[in-house]
Amino acid sequence: MAGSQTTAAAQELCGLIFNIQKFSTNDGPGVRTTVFFKGCPLRCRWCANPESQDFTPEVLCHAETGKSETTGTWRTVDEVISVCLQDLPFYEESGGGVTLSGGEVLSQPDFAIALLQALQEKGIHTAIETSGFAQPATFRQVAGLSDLLLFDMKHWDGDRHLWGTGVTNELPLANMRTAIADGLAVLPRIPIIPGFNDTTDDAHGFARRLREVGADRCQLLPFHPYGENKYQELGRPYEYTGQKALRPEALQPLIQVLQEEGIDTFL
Ligand code: SF4
């Protein structure tokens, strides 16, 4: 049967993965395993996972121990699935599943598709965490195999989006609009970054964009500086040195604006 040949071929595929994190509770419903894809076309200035950006394995040098470690391993679909299946009882008990994150999942579409298909064949709930930056045909293929899209919206303004991430927001916005129009489950998520998108004017701008693409809810993700050590280990400068994590209370004015604009908003 053609389907089984396709599956066999898909299992030969390898994806560049830099982490598989078990018992995640912030990447979708229930208890989840999060599979982190390596490689991203964006360069967000605040990126908490700088080791996720390059499309090749990299060496991290730990300052304290002097030891080095390579991040990024080529893995087959079967290898990733076998790790995910170890926690099947937890998914079933909690309503959880597997989330593909990154990096950018859409930048390794063949591997993402094969993995999502294999997970769905096993009845496992699937989610992807994405910037939405991919050609529409690629996006639709991957998104259509995901039970939930955790869809980042970095800035409402195109020029500011370009400044903050290195790319414009046209593709992500078009893809978010398509996903919502297609009836997919989309949760827009906005990382709130000090000095970039954290004013009440920004909140009005986000509300406008969300309405334009047909969204009526969003989650705000407060800035945290947890990635700082990784920049040191990669020998790269970090633009947010000394910037403290945003407290949830600091986001209340933004939540209020978004709520008043008809967007169901939560942290
Ligand atoms: S999209 Fe995510 S992984 Fe890519 S640079 Fe931005 S924060 Fe980092």
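Order of appearance sets the numbers: ligands from 1, and atoms from 1 within every ligand.
Side-chain atoms of His62 do not come within 3.5 Å of backbone N or O of Glu233 as any donor-acceptor pair.
For Cys47, every N, O or S atom stays at 2.8 Å or more from atom 4 (Fe) of ligand 1. Atom 6 (Fe) of ligand 1 has an N, O or S atom of Cys44 under 2.8 Å away, backbone or side chain.
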For this session: Determine, stepwise, if the pair Val83 / Lys22 fulfils side chain to side chain contact (heavy atoms under 4.5 Å, CB included).
Result: CA-CA 9 Å; Val83 176; Lys22 295 178 148 207; 4.0 Å; yes
Problem set entry | Trace of the salt bridge (charged side-chain N to carboxylate O under 4.0 Å, His left out) decision for Asp182 with Arg140 | CA-CA 9 Å; Asp182 285 350; Arg140 268 188 130 143; 2.9 Å; yes
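Two rings, from His125 and Tyr91, have their centers 6.0 Å or more apart.
The shell of residues lying under 4.0 angstrom from ligand 1, judged by heavy atoms, includes Leu42.
Near Ser52, meaning under 4.0 Å from any of its heavy atoms, are these atoms of ligand 1: 3 (S). If you number the atoms of ligand 1 from 1 as listed, the ones under 4.0 Å from a heavy atom of Gln53 come out as 5 (S).
No chain of hydrophobic side-chain contacts below 4.5 Å, direct or via other Ile, Leu, Val, Met, Phe, Trp or Tyr residues, connects Val142 to Phe36.
Looking only at heavy atoms of the protein, atom 4 (Fe) of ligand 1 is closest to Cys40 SG, 2.4 Å.
Taking CD1 of Ile113 as the start and CD of Gln108 as the end, the distance is 12.0 Å to the nearest 0.5 Å.
The proximity of Lys154 to ligand 1, defined as any non-hydrogen pair under 4.0 Å, is limited to the side chain.
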